[in-house]
Each structure stands twice: as structure tokens, then as C-alpha cells.
Amino acid sequence: MKKKKVICIGEALIDRIRNKSNQGFTDFLGGAPANVACALRKLKIDSIFIGSLGSDDYGKKFIAQFNELDINLDFLQLDNDSSTRVVNVDRDQFGDRFFSGFEESSHSCFADEVLSKKLIEKEILNLEKSFLESKYLVTGTILLSSPISAETIFFLLEQAKKFEVKIVIDLNWREVFWDHSSFSSEISKAARVNLIKKFLNHANVLKLAKEEATLFFEDENPLLISQQLSNRPDVIITDGKNPVAWYINGLQGITETPTSQKIVDTTGAGDAFLAGLISKLISSGYPSNQIEIEDCIKFAGVCGLLTCLGEGAIEQQPYYEKVNKFLGSLIS
């Protein structure tokens, strides 16, 4: 059986993005693992989303979006006692976003903090079938801020190893999630960093931003970061519109990414990049030389760029044909 599916685990939430004038806002579906699951489907890769949503209107909107893209929701949990998280996203004058906190909720916690291992274990046979058909598992570190969700993530990582599914971790450090969590707000920053660094030892592929590389590893060299982790993962370091540094399959390099003067909103660009990279790894096989690696990074870079040309993470994600058309225009 050829393993071609991707399991995405983690948060699905609402990005409440301030309008350019900072007067009012627009709500968009988001959350890194949800973004990746959607972007993969647009790139013709089957994805499975495992996460927890509130039984609210936002939860219904997510289900409608996931169904429209034909994402597998066999392990999606709907929780009556918590709400789908709404993140306030403000923007600076360059269009870059920063998280300024969360909308108040009438519940004591958010749905993504209560992803239940017990509910997933009830579906163990179906879960094992999904792992048999999957090539990659994608997750981030946000759910580690809740012990309930963290337990579930670790359980799923063990399943992935059992079925030889490669683990892709996007570090995606968002301190605001820890600061506002009833579970982890008391944990010091140093303890949070150590907890996440330990978690990264599970990665076969690690994607992180340049500032995350500095904070967690005091280094921006992907090879040296890989050597700090027990799995010696492939490491990809992004830096906005600047070149991507990578250590992949024993090779190291830097690849320019395409840029545009028409950037509107960078929300979800890194998730589209990651989906683009994974889709290439599945469709073209794991790259074995410099040219193949550069092709993967360039394809991923175009996915990230095209997502920035409009508002919202999921709406703007490009379909496979659009990415190839854009790549063709770069060559001609």
C-alpha cells in the first residue's frame, strides 16, 4: 500500500483580523494544523484533521469548510463545555500580524485545550487504518500548553512511530497561548522553552522561523540545530520574504523565495509553505540532491507567497494548478 495521506493534529480557531484602518475586524477560519489540512487538499493531497472544536457557530463553519474540501473528520471532536477559540490579530503598517490576545469566552477553557485521548482511543481501529495509509503526521507546539491535549498528542506520536509515519513539527511558538491558559500560565518562559525543546526530539522534519531558531537553539544554522535533537531531523528555517535555510537529507543550503509588492496579509503563509513542501515530498518523493531540494523549497515558497496576496489563511491558499502556473511564469 502506498502511503499518501497526511494527518494534521491541533488547533482550529478563528483569526479575528483588524482591518487596515484598525476600525473593525473580519473573522477568518485559521489555526496552523487546520490551515495545513486545507492547503494540502488544494494541492491534491488527502488530509485527515484531528482536533477539538466548540459546539458553536464557529465549529459549524469549520465543519462546512472541511467538508467542502473533503477533509477526513473521523476524529474531529465537538465539545459542549468549551468554545472555539477566537484570536485577536492586529496588524502593523507593513501588513504583518501579531497576536494581541483572545476574545473572552463564557467557558473556563477553549475547545483546542480539551482534545481527548479517550475519545480517540474509542476509534482505535479506524485510527490504525488511517495511520497505515499516511506518510506524514503534522503538528505544532500550541497544544502542549494544555496537559489534556498534550497527552493526546503524545499518544498520537506513539501511534505514528508504530506505523512508521514521519513526524513533521512546525514549532509555531505563540507565547500568548501559554500566558492565557488556565493550565499553563504559571509555567515560566524557561520551562515552556524546555518542554517544547524536549518535544522537538520527536521530529523527523522540523520547520521553524528564524526568530524561533534563535530563541530555542541560540543558532540559525539548520545543521547545528538538527545535531541538537535526538532524531537528527531535517530542518527548514523560514524568515519571511528572505531566503530559506535548510538541512535536508544530509545536504545543506539556502534558497531564495519569490516575493511580491502586493502583500496584503501574511496570516497562514508559513502553513501554506509547509503544506507545499509536504505535498512535494509525497508527489515527487524525498529529494536526494540539491536541485530536487531547491524545487521543493521553491514550490513551497510560491504556496506561501500566493496566500499573502489576500486576506485570511484558508481562503487565499492556492490550488495546485495556480502554483504551477506561477512557477512557470518565473521560468519564462
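- Side-chain contact between Ile14 and Leu29: present, with at least one pair of heavy atoms (C-beta onward) separated by less than 4.5 Å.
- The hydrophobic cluster around Tyr247 extends to Leu223, counting ILVMFWY residues whose side-chain heavy atoms fall within less than 4.5 Å of a member.
- Contact check on Lys162 versus Glu128 returns a salt bridge, with a Lys/Arg side-chain nitrogen under 4.0 Å from an Asp/Glu carboxylate oxygen.
- Counting heavy-atom neighbours within 6.0 Å of Lys241 NZ, excluding the residue itself, gives a total of 12 or less.
- Applying the 6.0 Å contact sphere to CD of Glu164 captures no more than 12 heavy atoms from other residues, nucleotides or ligands.
- Two residues are said to be in side-chain contact when any heavy atoms from C-beta on lie closer than 4.5 Å; Val86 and Phe102 fail this criterion.
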Test log, rule salt bridge (Lys or Arg N to Asp or Glu O under 4.0 Å), inputs Lys161 and Glu158: CA-CA 5 Å; Lys161 288 170 190 171; Glu158 288 313 311; 3.8 Å; yes
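- The residues Glu175 and Arg192 are annotated as salt-bridged, a charged nitrogen and a carboxylate oxygen being separated by less than 4.0 angstrom.
- In this structure, Glu321 does not pair ionically with Lys325, as no charged nitrogen and carboxylate oxygen lie closer than 4.0 Å.
- The shortest side-chain heavy-atom distance between Phe183 and Ile148 falls under the 4.5 Å cut-off.
- Relative ring orientation between Trp173 and Trp178 is described as tilted, the plane-to-plane angle lying within the 30° to 60° band.
- Between the side chains of Tyr319 and Asn324, no donor N or O sits under 3.5 Å from an acceptor N or O.
- A salt bridge is defined here as a Lys NZ or Arg NE, NH1 or NH2 lying under 4.0 Å from an Asp or Glu carboxylate O, and Lys280 with Asp295 fails to meet this definition.
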Working for side chain to side chain donor-acceptor pair (under 3.5 Å), residues Ser82 and Glu113: CA-CA 9 Å; Ser82 59; Glu113 296 182 283; over 6 Å; no
Kindly list each side-chain donor-acceptor pair under 3.5 angstrom involving residues 49-59, sequence neighbours excluded, with atom names and distances?
| unit_1 | atom_1 | unit_2 | atom_2 | d |
| --- | --- | --- | --- | --- |
| Ser52 | OG | Ala111 | O | 3.0 |
| Ser55 | OG | Asn80 | OD1 | 2.9 |
| Asp56 | OD1 | Tyr58 | N | 3.4 |
| Asp56 | OD1 | Gly59 | N | 2.8 |
| Asp56 | OD1 | Thr84 | OG1 | 2.9 |
| Asp56 | OD2 | Thr84 | N | 2.9 |
| Asp56 | OD2 | Thr84 | OG1 | 3.3 |
| Tyr58 | OH | Arg16 | NH2 | 2.9 |
| Tyr58 | OH | Asp27 | OD2 | 3.2 |

